[in-house]
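Just below is one structure, and these are the notes that go with it.
Along the sequence shown, residues are numbered consecutively beginning with 1. Only heavy atoms go into these numbers, but all of them, side chains included; no hydrogens, no water, no symmetry mates.
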Amino acid sequence: MSSDKVRVAVVGAAGAFGMKHLDGLASIDDAVVTVVSGTRPEPTQAVADRYGVPTAVVGYEAVLERDDVDAVILATPTGLHASQTQAALAAGKHVQVEIPLADSLADAEATLAAAEASSLVAMVGHTRRFNPSHQWVHQRIAAGEFGIQQMDVQTYFFRRTNTNAKGEPRSWTDHLLWHHAAHTVDLFAYQAGRIVQANAIQGPIHPKLGIAMDMSIQLRAEAGAICTLSLSFNNDGPFGTFFRYIGDTGTYIARYDDLVDGREEPIDVSNVAVSMNGIELQDREFVAAIREGREPNSSLRQVIDCYRVLGALEEQLA
């Protein structure tokens, strides 16, 4: 694709992350959203109207059969990610799937095999690789100016009912291990190197949701750095994930796209990338990889080790 815009369909467009992708894509000159898809016609059409998208459809098959779609972005329930990614590849569409790639190691491996057998761009929305805060740290590591000794990470939500990031009811159940831990497991390997040891414990299983509401994970990288990750759906406080990098030449705390040092002094990351929006930067990488015919950062091949670690942790917890 040398000159024309990449024609993108956003699937699950009316959800919290579907709209985040539509916001990001609106800033990307090399992309145009031609289709939005959802499970209900009214909210899907409302999103199309809001973002000026010409076509709104119900269902996934209605997207894959279209000839005005080069690439799909999947912002759909976790349990559909693997099968929908494989279906996109089979239909000849480039695909970016929201994190996690799958909710089982077997499905993750099968999806990787499908991607490796194709010549299409296939990536997973591991947004932490793209946030300017984490990119700033990554660049210092790559330049030999900073080495991680420990990452201390807190992933906290107050989610005792099945609701999404917009506070709306969910049709599926979220998961601390296969969704939220995936962000940190992949980021730790991206920043510190291959993970060689992983341990996990979890709290009681919620009687209605059927999942653990609290979890603790320990990781060790091949070079010796360690990571301690605490996750909770029970925390009545600030919402989100907070990363403390403890290193040989400093301490840094990342809160989404913002970064401070160990004494809470702000660090300017505005010049790290063309945007301060991690989702937009993720989408820019997807579009650029399609146009340039190359493997993207956060390709299935690059992130599969994360899911292998999660699979091993699931076996421990079982």
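- In terms of heavy-atom proximity, Phe158 sits nearest to Asn235 at CB-O, 3.2 Å.
- Hydrophobic clustering places Ile211 together with Leu310 (ILVMFWY residues linked when any side-chain heavy atoms are closer than 4.5 Å, directly or through intermediates).
- Contact annotation: the side chain of Val95 never approaches that of Leu120 to less than 4.5 Å [non-hydrogen atoms, C-beta and beyond].
- Between Leu231 and Thr184, the closest side-chain pair of non-hydrogen atoms is not below 4.5 Å.
- Residue Asp107 comes nearest to Ala102 through the heavy atom pair CB-CB, 3.8 Å, listed as atom of the first residue, atom of the second, then distance.
- When side chains are defined from C-beta on, Leu300 counts as touching Leu101, because their heavy atoms get closer than 4.5 Å.
- No side-chain donor-acceptor contact under 3.5 Å links Ser298 to the backbone of Gly125.
- Closest heavy-atom contact between Ile195 and Val185: CD1-O, 3.5 Å.
- Taking the side chain as every heavy atom from C-beta outward, Val53 and Val47 never approach each other to under 4.5 Å.
- Between Phe157 and His180, the closest side-chain pair of non-hydrogen atoms falls below 4.5 Å.
- Under the salt bridge (charged side-chain N to carboxylate O under 4.0 Å, His left out) criterion, Arg301 pairs with Glu295, not counting sequence neighbours.
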List the atom pairs, with distances to 0.1 Å, where a side-chain N or O of residues 279-288 and a protein N or O form a donor-acceptor pair under 3.5 Å, not counting sequence neighbours.
residue: Glu280; atom: OE1; partner: Ser275; partner atom: OG; Å: 3.0
residue: Glu280; atom: OE2; partner: Arg284; partner atom: NE; Å: 2.8
residue: Glu280; atom: OE2; partner: Arg284; partner atom: NH2; Å: 3.0
residue: Gln282; atom: OE1; partner: Thr127; partner atom: OG1; Å: 2.6
residue: Gln282; atom: NE2; partner: Gln96; partner atom: OE1; Å: 2.6
residue: Asp283; atom: OD1; partner: His21; partner atom: ND1; Å: 2.9
residue: Asp283; atom: OD1; partner: Gln96; partner atom: NE2; Å: 3.0
residue: Asp283; atom: OD2; partner: His21; partner atom: ND1; Å: 2.9
residue: Arg284; atom: NH2; partner: Ser27; partner atom: O; Å: 2.8
residue: Glu285; atom: OE1; partner: Arg294; partner atom: NH2; Å: 3.1
residue: Glu285; atom: OE2; partner: Arg294; partner atom: NH1; Å: 2.8
residue: Glu285; atom: OE2; partner: Asn297; partner atom: N; Å: 2.7

Please tabulate, one pair per line, all N/O donor-acceptor pairs under 3.5 Å involving side-chain atoms of residues 140-153, not counting sequence neighbours.
residue: Arg140; atom: NH1; partner: Tyr252; partner atom: OH; Å: 2.2
residue: Arg140; atom: NH2; partner: Glu145; partner atom: O; Å: 3.2
residue: Gln150; atom: OE1; partner: Thr228; partner atom: OG1; Å: 3.4

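- A 6.0 Å sphere centred on CG of Asp248 holds more than 12 heavy atoms belonging to other residues, nucleotides or ligands.
- Shown here for Leu176 and Ala212, the closest heavy-atom pair between the two residues is CD1-O, 3.4 Å.
- Residue pairs that meet the side-chain hydrogen bond (donor to acceptor under 3.5 Å, both in side chains) test with at least one member in residues 308-318, sequence neighbours left out, are Glu109-Arg308, Trp178-Glu314, Asp305-Arg308.
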Which donor-acceptor pairs under 3.5 Å do the side chains of residues 237-247 make with protein atoms, sequence neighbours left out?
residue: Thr241; atom: OG1; partner: Thr155; partner atom: OG1; Å: 3.1
residue: Tyr245; atom: OH; partner: His134; partner atom: ND1; Å: 2.7
residue: Tyr245; atom: OH; partner: Gln191; partner atom: NE2; Å: 3.0

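- Of the possible donor and acceptor atoms, none in the side chain of Arg128 sits under 3.5 Å from a partner among the backbone N and O of Gly278.
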Going by atom type alone, with no hydrogens or angles, which donor-acceptor pairs under 3.5 Å involve a side-chain atom of residues 54-65 and a protein atom two or more places apart or on another chain?
residue: Tyr60; atom: OH; partner: Gln84; partner atom: O; Å: 2.7

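- With values rounded to the nearest 0.5 angstrom, Phe17 atom CZ is found 13.0 Å from Ile73 atom CD1.
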Candidate pair Ser230 and Gln154, rule side-chain hydrogen bond (donor to acceptor under 3.5 Å, both in side chains), full reasoning: CA-CA 5 Å; Ser230 170; Gln154 298 174 331; over 6 Å; no
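- Under the 4.5 Å side-chain heavy-atom criterion for grouping Ile, Leu, Val, Met, Phe, Trp and Tyr, Ile201 is not connected to Leu313 through any hydrophobic cluster.
- In the hydrophobic clustering of this structure, Val97 groups with Leu89; members are Ile, Leu, Val, Met, Phe, Trp, Tyr whose side-chain heavy atoms approach within less than 4.5 Å, directly or through other members.
- Residue Thr34 comes nearest to Arg7 through the heavy atom pair CG2-CB, 3.8 Å, listed as atom of the first residue, atom of the second, then distance.
- Aromatic rings of His126 and Tyr307 (six-membered ring for Trp) have centroids within the 6.0 Å cut-off, being under it.
- Atom SG in Cys227 sits 5.0 Å away from atom CG in Leu219 (nearest 0.5 Å).
- Cluster annotation: Leu317 is connected to Leu105 through the hydrophobic network of ILVMFWY side chains, with a link wherever side-chain heavy atoms come within less than 4.5 Å.
- Atom CE in Met123 sits 12.0 Å away from atom OG1 in Thr85 (nearest 0.5 Å).
- Considering only heavy atoms from C-beta on, Arg220 comes within 4.5 Å of Ile226 through its side chain.
- A donor and an acceptor atom, one from each side chain of Asp258 and Ser133, are nowhere located under 3.5 Å apart.
- Residues Asp268 and Ser270 bring a donor and an acceptor atom of their side chains to less than 3.5 Å of each other.
- Contact annotation: the side chain of Val6 never approaches that of His94 to less than 4.5 Å [non-hydrogen atoms, C-beta and beyond].
- If you chain together hydrophobic residues whose side chains sit under 4.5 Å apart, Ile267 and Leu187 fall into the same group.
- Here the side chains of Gln202 and Leu177 are not in contact, with every heavy-atom distance at 4.5 Å or above.
- Pairing each heavy atom of Gly18 with each of Ala75, the nearest pair is N-CB, 3.6 Å.
- Atom CE of Met276 is separated from atom OH of Tyr256 by 14.5 Å, given to the nearest 0.5 angstrom.
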